Amino acid sequence: MTRLPRWADLVLVPLISLLLAGVISALVILAIGQSPWEALRTMVVGALGSPYAWGYTLYYATSFMFTGLAVTVAFHASLFNIGGEGQATLGGLGVALVCLSFPWPHWTLALPAAMVGAALFGAAWAAIPAWLQARRGSHIVITTIMFNYIAAALIIYLLVSVLKPAGQMDPATARFPEGAHLPQLNEIPLVNLIFDKQVPANVTLFIALIACWLVWVLLWRTRLGYEIRAFGRSEPAALYAGISPFRVTMLAMLISGALAGLMSINNVMGESERLLQNSTEGAGFIGIAVALMGRNHPFGVFLAALLFGFLFQGGAELGLWTTIPIELRTVVQGLVILFTGALDYMVRMMLVPFFRARKLEAA
Amino acid sequence: MGRRDTAAPLDVPPAIELRGISKAFGTVQANKDISIRVMPGTIHGIIGENGAGKSTLMSILYGFYRADSGEIFINGKKTEIHDSQDAIRAGIGMVFQHFKLVPNFTVLENIVLGAEDGALLRPSLAKARRVLDELAREYELEVDPDAVVEDLSVGHQQRVEILKALYRHADILILDEPTGVLTPAEADHLFRILKNLKEQGKTIILITHKLREIMEVTDTVSVMRRGEMTATVRTAETSPEQLAELMVGRKVLLNVPKAPASPGATVLEVEDLRVTDADGVERLKGISFQIRAGEILGIAGVAGNGQSELLAVLGGIMKGQGRVRLNGEELDLTGRHSDGQSRRARGIAHVPEDRQRLGMILDFTAWENVAFGYHHDPAYQKNRWLMDNDAILRDTMGKMERFDVRPPIPTLQAKNFSGGNQQKIILAREIERNPDLLLVGQPTRGVDIGAIEFIHKRIVELRDAGKAVLLVSVELDEIMSLSDRIAVMFDGRIMGERLPEQTDERELGLLMAGVANGKGDAR
Amino acid sequence: MDFSTLVQILDSTMRLATPLLLACLAGLYSERSGIFDIGLEGKMLMAAMCTGAVAALTGSVWLGMLAGIGGSILFALVHGLASITFRGNQLISGVALNFVASGVTVLIAQALFRQGGRTPPLSGDARFNPIELPFAAQLADIPIIGPLYSDVLSGHGALVYVALLAVPVTWWVLFRTRFGLRLRAVGENPASVDTAGVSVIRLRYTAVIITGILCGLAGAYLAAGLQTGFGKEMTAGRGYIALAALIFAKWRPWHALMATFLFGFFQALALRPDVIRGTLGFDVPVPALDALPYVLTVIVLAGFVGRAIPPRAGGEPYVKER
């Protein structure tokens, strides 16, 4: 097989995959009797057409950066963490408990404490599947999926029976104190020159950007990152090198779970300001697509998170202005995962003739 | 099918004739314009170094690959072989180096697989049982039809492979490196079977890199080098030296120049070492030996007799029971300090048998692999948190130069280096740590001749610097020429120790086959 | 818990275990051939939607079932394309197809019926109607055996019996036929099949298509047997639970029957908080009961039931060695 140049592998393959997913989605839209062109226009206007629209797109992108990074870190250890959804749900619980337990005077104090709560709860929810994988060899894909279901049941129980304030009808916690309110982009000096209307995107965006950078440092500049990557590529070799599979599996999953949990800073603390049912809106799953699309590199995750922020916000606009159901987002997400994660060889084979032809011309 | 042309007069067409076969994998020309004629009822050897293209050629003949150009004639008839089914139909059977058996199937099920007589199994199995019985008597190929294959010895598994081919009415039998996993006695038995098959009119192609086998059993021999067929000669009219030269293209130094050893204090003491693997099988059954400073102890033996586990437990990959002392101090064999990190900290370096699976990460760059296992080294750290990638890179460039790694590009991924250069990277990493004890397994497997000399020299240099070396190899020649003492392993035990100048391959071969004093009568 | 309650619970065990059993056997064919399939869930969902839609449109449950099988096979073929032809990551392919199924089923159902992504309620011939087994009425009065036969075994939709029959058939195919021998071989060591002149690719595609058919039946039963139409995400993790049952059963047909009935029993129990309260003496929160099958799955996977060795070549795309 002819090898593709590195840039083609990193840039072209994801782009072609995206294009293929787009084409198939367009066919689906056609099949249900709608206009793909109209749909795309609605999405672009609704997600990118104004600072207000960007405020939503960036809000979603922030969440996806965290979940995408979570999947990325686990992927490098060759662990397929599908439990981002459950870990983020539990992270939300951690945020809620921290925010409600103390009358926070200012967000700068509440934020670090809430981050610790989010990360701890997310990591704890990842710890059990991780331990089961490392010690009992239980398939982490299935256990993390099961933990998503269990997390959903747990949160319903807690919201209905424990955390719901007396007299409230809907299953949700009480509103967080004023002092736990995170500044939204329209409340930050200078930034509010662009964002003049209230938008959900908030300071968590900057934390997400820092997290991207920190994950890059972790994976390519630290011993732990080195061990994670080595273990992910070859477990027997890792053993030879004296890398403990148990330790790496646990740490990679704990970090992954903590990152997924941190997402809830964005949605629970930054947006809804109380814990609701299904607070994650599937962001944990979108992390898989983001990580694959981003080629498991933090910078790629950043770009892919923006793209999926656009898809998510655009998809919501579709639900508002057209009769195309919002589930179109799930289809696109699934197709992107399929093409970037499972059919990447096919995409490469499609590209090979072009590069071979060019090589011949050059020769 | 099933023809028996025992007499092979001159006007009979060759059983196999290949004309102008070429095959490239990407930019690598694996076979270049190869032509060959094999007469029916003969044993034809194909000899060449690793990577000379022998296996590729035979895979083309068996329909695993399509040749880019060239023609195949079977019994004088032009034959298109697109897949294994075509090859089987043309009467070709193949015994691969790595057996293609289903481990949890019985012998009978393995034989029948793909050659069933109908949609239901029972009649096929019954018929196979009958045929198997006849074949066993005819060719000395007894094997229990109801035994599960993974419980059989390697020699018996090989018989199953041969029986599989014969059951499919093969007239032409190709064997790819068949003796690599056999004891000398098992190999002798195999050769008797092959001669027997030849007398019954079968045509046999034997692929090997061992000169001794070619001389012993073949009628004609072809030599391959770098994808080309360099010569075809009658075995009776050639000599091992001539074949070796044809294989390599120049005179080969079969012996490494080395001064007599001057052993010092005892470095490694192993006492009653036992290892049980994950399946509960005892792989080492109480092993004791010592290695002194400035000494190479060679462990000879057929693959799979506990050598790998010995390296693994000393290298900290597996747990074990017993006592191991390094420079007088006990090694932890089960607890927290029984991993690779602790071993390295104690001064044990390890060049593993399977370098691609254990010794390096193929997707990592050369410099990342130079840090592999030593990534906690303070010299490789920038501060408490971060690794100093530039320091590793600089170190790698030095190592590449000193060990003549080609190409000397530290940022190239390990998988893009040849086997020999991969081995040099690992050797540089381990030897330059200046360890008290070097564990080295199969140092030259899959390595080109030029690199072999280089690697052998480096190992001897380490010994001369007063270090202890434990060398595990399945190549007797390598053991004989490098070791100062030789221990032979069989079935998880050490059968005996010999000095290389006081023993020969026959005696070692008997020990390798488990004959206790090495002087017993094998026949 | 008295006997009549037990009979009721066993009766609903039969119904709840059926889709699990069909999906479990579906997974068995695929995994025995060396193809991991996390996508049972998605195939069932697709089949449920196709069945619900076509049965609602035509009024025939059988046409609906055929459509369900068709939809499931379509997804199975995409999985085959990714994992066999293009040697992709089988886990990722399965997960991706589950997402596609989750979205596309709602999209199509909404486009066809505009009822919030559901298919219209099915009734009459558009559902699998109960089949009375022979002598069910006559034997009903015999103590113990009578109710077990007449109320538990008898009176289910056809697919319940198809699922039960599929167990011995699968055993027979696996261990008594040429196809079964080759299927088992290709999951253990594909090279053995390849060198014997049998196409690995064709064998694996056949297995994957059988998986599609059985998942199709499972989905059809969900939409037109267990419930009265398709609803969003109606599989609710059954595909994953079936996979856990498959591991529990160590990839063997009769054990699959037992494992899925165990899971079915717990699902049936979770539907009866009154019985649990009666047995345990205290209230168990409903969400805890909902989570019970998933917790059970984790416990099974944790291997507190013994070590399971999967087919050796599972999950690895087959590439000819050089």
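Below, chains carry the letters A, B, ... as their sequence lines are ordered, and counting in each starts from 1. The figures that follow rest on heavy atoms only: side chains count, while hydrogens, waters and symmetry mates do not. As the structure is a prediction and not an experimental result, all values here were calculated from the model.
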- line: Scanning both residues in full, the closest heavy-atom pair of B/Gln85 with C/Ala196 reads OE1-O, 4.3 Å
- prompt: Side chain, backbone, both or neither: which part of B/Phe99 has an atom under 4.5 Å from a heavy atom of chain C?
  reply: backbone
- line: On a heavy-atom basis, the closest approach of B/Tyr62 and C/Thr195 is OH-O, 2.7 Å
- prompt: Hey, what do you get for CZ (B/Arg122) to OG1 (C/Thr177), rounding to the nearest 0.5 Å?
  reply: 12.5 Å
- prompt: What closest approach, in Å, do C/Ala185 and B/Leu113 show between heavy atoms, and which atom pair accounts for it?
  reply: CB-CD2, 3.6 Å
- prompt: Are the side chain of C/Asn189 and the backbone of B/Val102 linked by a donor-acceptor contact shorter than 3.5 Å?
  reply: no
query: So, do C/Glu188 and B/Asn104 sit near enough that their side-chain heavy atoms are less than 4.5 Å apart?
result: yes
- request: Flag the pair C/Trp172 / B/Leu120 as yes when at least one side-chain heavy-atom distance between them is below 4.5 Å, and no otherwise.
  value: yes
message: Counting only heavy atoms not in C/Ile201 (residues, nucleotides, ligands), do more than 12 fall under 6.0 Å from its CD1?
response: no
- request: State, yes or no, whether a side-chain contact exists between B/Pro103 and C/Arg312 at a heavy-atom distance under 4.5 Å.
  value: yes
- request: Find the one option among B/Gly118, B/Ala165, B/Ala87, B/Ala115 whose heavy-atom pairs under 4.5 Å with chain C are most numerous.
  value: B/Gly118
- prompt: Taking NZ, NE, NH1 and NH2 as the nitrogens, is one of them in C/Arg182 or B/Glu109 under 4.0 Å from a carboxylate oxygen of the other?
  reply: no
query: Where do C/Arg178 and B/Leu121 come nearest, in terms of heavy atoms and distance?
result: N-CG, 4.0 Å
